[in-house]
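Residues: numbered from 1 along the sequence shown.
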Amino acid sequence: MAAVSSTTRPAPAPGPGRRPGRRGRDRWLPYGLLAPSLLVLGAVLGYPLVHLVVVSLQRYRLRELLRGGGTFVGLANYQAVLGDPFFWTVVLRTIAFTAVAVAGTVVLSTAIALLMTRMHRGPRIVLQSALVMVWAMPSLVAIALWQWLFDFDFGIVNWALTRVGLSGFTRHNWFADPRQGFAVILSLVIWAAIPFVAITLYAGFTQVPRGLEEAAPMDGAGWWRVFRNVTFPVVRPLYVVVTSLSIIWDFGVYQQVFVMLNGRPSKDYYLVGIYSFVESFGVNDYGKGSAIAVVMIFLLLAACVVYIRQMIRMGDR
């Protein structure tokens with residue numbers, strides 16, 4: 001009997017996992033699982049967001065607020081915001097603030113996470129407990145603590161610097177100079193963000209094969225090459241996640257600045273969130289303040305798009 005050609009061999013019957021229509025159902029299954037959460041988020045966040053956009057298209061000042069309705073002005077508020085040089089100064093300041101905060105958070109968290117991988121169980125548990133307590137501390141309590149540390153009259157930082165012999169720190173006002181003030185605020189933001197990022201990265205570092213990290217130094221690789229070529233490629237998805245989340249959180253910093261400056265920040269301390277609040281509730285121009293908030297949302301969406309694209313690329317790999 002002649003051998004059956006491979007080109008005429010019948011196709012194998014579909015297995016249990018290849019039933020017709022199964023692939024189509026599997027394609028829509030993730031969206032079905034996400035649908036309840038998306039509906040809840042839409043109900044909770046959808047109306048405020050739509051209302052924010054509607055107000056941004058209106059002339060809405062104190063008179064309109066008392067009257068119960070604004071006057072439609074189209075894109076006039078956006079033209080006023082985008083045409084204001086001070087707005088772009090605030091945006092650039094916010095971007096610089098975010099970049100420094102995110103870089104400081106990721107670098108220090110990486111150092112702490114690597115330290116935890118080399119610690120014994122007892123000290124590591126103590127350190128992790130301290131990090132969790134910092135993370136669980138209410139933000140207003142943490143801000144009040146830092147406000148006391150750098151207080152003009154009774155701050156422990158001024159007292160400690162004076163005791164070690166540094167002159168000029170008696171009754172020193174850290175917020176008189178915006179550079180020093182932002183250094184304090186950045187320290188607070190980074191300190192509060194480290195616990196989440198450090199514990200997340202530590203969980204990723206524990207998944208790196210120890211054999212690879214131990215074999216690399218035998219081949220002459222230093223600690224930096226081991227981290228760059230062995231450790232980092234494994235935990236890179238985690239770095240994308242924590243960096244993206246840190247950008248979103250730090251770009252919208254508001255209460256740290258507002259509370260540390262006792263609710264009266266000068267224009268030198270304006271970030272986008274502060275600027276939107278002041279325009280809305282400081283000068284009662286709710287339409288312009290809403291337009292600033294909408295622009296801020298679009299800037300954050302740009303960061304989210306970058307994050308999603310990176311996650312898709314890593315998933316394809």
Can you find a pair of side-chain heavy atoms, one from W146 and one from S187, that are under 4.5 Å apart? yes
Using atom types as modelled and distance alone, determine if a side-chain donor or acceptor of S276 lies under 3.5 Å from a backbone N or O of V272. no
Which of parallel (below 30°), tilted (30 to 60°) and perpendicular (above 60°) describes F277 and F281? tilted
Should the ring pair Y239 and F227 be called parallel, tilted or perpendicular, given that the plane angle runs from 0 to 90° and is split at 30 and 60? perpendicular
Is F152 close to R171 at the side-chain level, that is, under 4.5 Å between some pair of heavy atoms? yes
Keeping R59 on the side-chain end and V73 on the backbone end, is there a donor-acceptor pair under 3.5 Å? no
Pairs meeting criterion ring-ring contact (aromatic ring centres under 6.0 Å, His included) with involvement of residues 91-120, two or more places apart: F97-F182
Using modelled atom types and a 3.5 Å cut-off, is there a donor and acceptor pairing between side-chain atoms of D84 and backbone atoms of F86? yes
Between L127 and I112, is a side chain to side chain contact (heavy atoms under 4.5 Å, CB included) present by the stated rule, with each step listed? CA-CA 9 Å; L127 177 57; I112 294 174; 4.2 Å; yes
Between K288 and Y275, does the side chain to side chain contact (heavy atoms under 4.5 Å, CB included) criterion hold? Intermediate values first, please. CA-CA 10 Å; K288 185 178 179 182; Y275 189 34; 4.0 Å; yes
Testing the basics here: between E64 and T71, what is the closest heavy-atom pair and its distance to 0.1 Å? CG-N, 4.4 Å
Quick check: are there more than 12 heavy atoms from other residues, nucleotides or ligands sitting under 6.0 Å from CG of L301? yes
State, yes or no, whether a side-chain contact exists between Y286 and Q58 at a heavy-atom distance under 4.5 Å. no
Using a cut-off of 6.0 Å, state whether more than 12 heavy atoms not belonging to R67 lie near its atom CZ. yes
Donor-acceptor contact below 3.5 Å, side chain Y269 vs main chain F175: yes
Considering only heavy atoms from C-beta outward, does the side chain of S56 approach that of L52 to under 4.5 Å? no
Check whether any side-chain heavy atom of L82 lies under 4.5 Å from a side-chain heavy atom of W88, and answer yes or no. yes
Min side-chain heavy-atom separation Y47-V50 under 4.5 Å: no
Between L57 and Y78, is the side chain to side chain contact (heavy atoms under 4.5 Å, CB included) condition met? List the steps. CA-CA 8 Å; L57 300 174; Y78 292 95; 3.8 Å; yes
Test item: I194 and V134 side chains (from C-beta on) under 4.5 Å apart, heavy atoms: no
Side-chain heavy atoms under 4.5 angstrom apart, residues restricted to Ile, Leu, Val, Met, Phe, Trp, Tyr: same cluster for W174 and L145? yes
Joint cluster assignment, V189 & M296, ILVMFWY side-chain distance < 4.5 Å: yes
Sidechain-backbone polar pair: Q255 side chain, L140 backbone, donor-acceptor under 3.5 Å: no
Any side-chain heavy atom of V102 sitting closer than 4.5 Å to one from W249? no
